[in-house]
Protein chains: 2
Amino acid sequence: MHFQQLTYFVAVAETRHFTRAAEAVHVSQPSLSQQIRALEAELGADLFSRARGNITLTDAGEALLPLARRILADAETARHEVQELVSLRRGRVRLGATPSLCTGLLPDLLRAFHDRHPGVRLLLEEGGSHDLVRQLARGALDLALVVLPLPAASPALTTVELLREDLVVVSAATEPPPGRDGSIRIADLEGAPLVMFRHGYNLRELTLAACRAEGFEPTFTVEGGEMDAVLGFVRAGLGVAVVPSMVAARAGHDLRRTALAGSGLRRTIALAHRSDVDPPRAARELQRMLLEHRPVPG
Amino acid sequence: MHFQQLTYFVAVAETRHFTRAAEAVHVSQPSLSQQIRALEAELGADLFSRARGNITLTDAGEALLPLARRILADAETARHEVQELVSLRRGRVRLGATPSLCTGLLPDLLRAFHDRHPGVRLLLEEGGSHDLVRQLARGALDLALVVLPLPAASPALTTVELLREDLVVVSAATEPPPGRDGSIRIADLEGAPLVMFRHGYNLRELTLAACRAEGFEPTFTVEGGEMDAVLGFVRAGLGVAVVPSMVAARAGHDLRRTALAGSGLRRTIALAHRSDVDPPRAARELQRMLLEHRPVPG
DNA sequence: TGATCTCCATAGGCAGCACCTATCAGTGAG
DNA sequence: CTCACTGATAGGTGCTGCCTATGGAGATCA
């Protein structure tokens, strides 16, 4: 049984005429006759009674017709469905990102993506880099925005470096500015009241490591919050915090932003996906847009 | 898109393995790979991500899989349905017959047919020969048992003579026997009280024509009934009636049967169907059984 | 690290078949 | 009777699906 044969069969059933059916399906009449014969032979029953000028379906033909129509419709649907995925009129991207990236980088990007491909669903998984890497490996995510270096031994993940972001110190605008001359050194943080993120934040590890490299343990007034909470505590004058510059830029005028002097402190943000399978079409498109619109790199 | 390709696709989706899928569908692995490639090319999207030892469906593959399964299932159903019709495990016979044949010939035949092909529905249309011929021509009947000669100019009907049946006179067992020496002539019916069928019965025309050929008009005590009613009136002693011998034989012991002397009166029963289309398989089978089990012809 | 295995892709050859054009055969109308 | 119409048949051709043989890229293990 071939799709062609079913197409021809339906055409004859609808026109009740071999020659006109052949024209309708753009094939010569002998070819169509032959294929109908072949289908009849395979099924072991005549499908049409070929009365001169009065072609009618036999009972076997009557039984076949609705199924043939449905099969052809399903095939058409299949083509259409796949086409919609390919053309990004439909689809899904499962994107993971660390909390700081969710507030900093993503909103504009996802907005732009959604405007361009409104039919594609965006599923965002907010989590620590460790979790995200595991989810990627399990196939639960298509793409993740992570902070390098990756925590775990990455199981066959490909990472594309996206941008290097300076970390800055934020403090309440109502408090005297920390440091000197509008800039601050890591060493100046010794003894300073710090508002620190919860365990699991990559920023926490990064800041701690920097302080320890300078030979001191930082002092925390409050610790344990998420990004928004930390900024709130800083606004309230509880202390200063080390945050990505992109986050600081969005934090509003009641927060002062002080650059870290010298080599400063940076973090590298990368896009990760499994190496062994290509991400779906929609995820590749998101990746492409991310790389294209990437904020000033370096 | 070919059924083969969908079969291969489903096999790979189920085994997650090209080589094993190829074994499952009894084809060489390169052929299977090639067909999957062809399908992917036609649809314009990869269906599998071919990670070493970890074949998975892409989103396009996921979209296609349920449709592919349904298409294959429908194709299987189509084969099965047609096969059931062919093997007479299912089907339909639309059979027409005159009322006298419905009571005389059909019950045993239909019983035998149903016993042999219990899945075939029997649709019986009881009517006059004229109606039956029209229904046949319209395609509303597959087969009809009619009395020859056919009334209307038969529009391309094929008739197969089935049997010639004597007509006999039935009378109430409680009444004195008509005629002489256990037989009766048509002429003896002159002035005799006759119970006559309604208009449209072929038997009515036959009997009337026979009487007129003898030069008299028969006398009716009651007229207008169907077969059962006529026999009932005869039983009640209202008169005698001319009926087919087959009907008379089944009428019970309270009815006397008297043969018509001389050339007698006969009618020819035939099986009719359209000449331009073959009847459905089930109808042909019924026709075959009818000819095979036909009661003593002639 | 190199040998081996596994597994999918590629290459080349063959055969089947779907398609074509040309023609035949049966039917109905003028 | 002749012609037009319609479906079936015949013969030839090119596409393609199948095969076997082989390549090449991970895994696995000594």
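Chain letters run A, B, ... following the sequence lines, proteins first, then strands; residues in each count from 1.
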What is the separation between atom CG on A:Asp46 and atom P on D:dG7, rounded to the nearest whole Å?
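It is 15 Å, rounded to the nearest whole Å.
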For A:His199 and A:Arg204, run side chain to side chain contact (heavy atoms under 4.5 Å, CB included): C-alpha distance rounded to whole Å, both residues' side-chain angles, the deciding distance at 0.1 Å, then the answer.
CA-CA 7 Å; A:His199 285 278; A:Arg204 180 188 178 107; 3.3 Å; yes
Salt bridge present between [X] and [Y] (N-O < 4.0 angstrom):
X       : Y       : answer
A:Glu23 : A:Arg20 : no
B:Glu14 : B:Arg69 : yes
B:Arg50 : B:Glu40 : yes

Contacts of type side chain to side chain contact (heavy atoms under 4.5 Å, CB included), residue A:Ala63, not counting sequence neighbours:
B:Glu81, B:Leu85
Applying side chain to side chain contact (heavy atoms under 4.5 Å, CB included), name anything that partners A:Glu285, two or more places apart in sequence or on another chain.
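Only A:Leu88, A:Phe113, A:Arg116, A:His117, A:Arg281, A:Arg288, A:Met289 meet the side chain to side chain contact (heavy atoms under 4.5 Å, CB included) criterion with A:Glu285.
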Does anyone know the first and last nucleotide of DNA chain C in reach of chain A, 5' to 3', at under 4.0 angstrom to a heavy atom?
C:dA18 to C:dT27
Proximity to DNA chain D (any heavy atom under 4.0 Å), residues of [range] only:
range                     : value
residues 15-28 of chain B : B:Val27, B:Ser28
residues 29-43 of chain A : A:Gln29, A:Pro30, A:Ser33, A:Arg37
residues 1-9 of chain B   : B:His2, B:Gln4, B:Tyr8

Chi angles and distances behind the side chain to side chain contact (heavy atoms under 4.5 Å, CB included) call for A:Leu72, A:Phe9
CA-CA 11 Å; A:Leu72 293 174; A:Phe9 165 70; over 6 Å; no
So with a 6.0 Å cut-off around CZ of B:Arg89, is the heavy-atom count from everything else above 12?
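Yes, because the 6.0 Å sphere around CZ of B:Arg89 holds more than 12 heavy atoms from other groups.
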Might you point out which heavy atoms bring B:Leu145 and B:Leu106 nearest each other, and give the distance in Å?
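Taking every non-hydrogen atom into account, CD1-CD2, 3.5 Å.
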Between B:Leu95 and B:Asp142, is a side chain to side chain contact (heavy atoms under 4.5 Å, CB included) present by the stated rule, with each step listed?
CA-CA 6 Å; B:Leu95 175 66; B:Asp142 300 312; over 6 Å; no
Set out, in order, the CA-CA distance, both residues' side-chain angles and the distance that settles side chain to side chain donor-acceptor pair (under 3.5 Å) for A:Gln35 and A:Gln4, then state yes or no.
CA-CA 8 Å; A:Gln35 288 309 305; A:Gln4 293 271 51; over 6 Å; no
Do A:Thr56 and A:Ser49 meet the criterion of a side-chain donor-acceptor pair at a distance under 3.5 Å?
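A pair is found: one side chain offers a donor N or O, the other an acceptor, under 3.5 Å apart.
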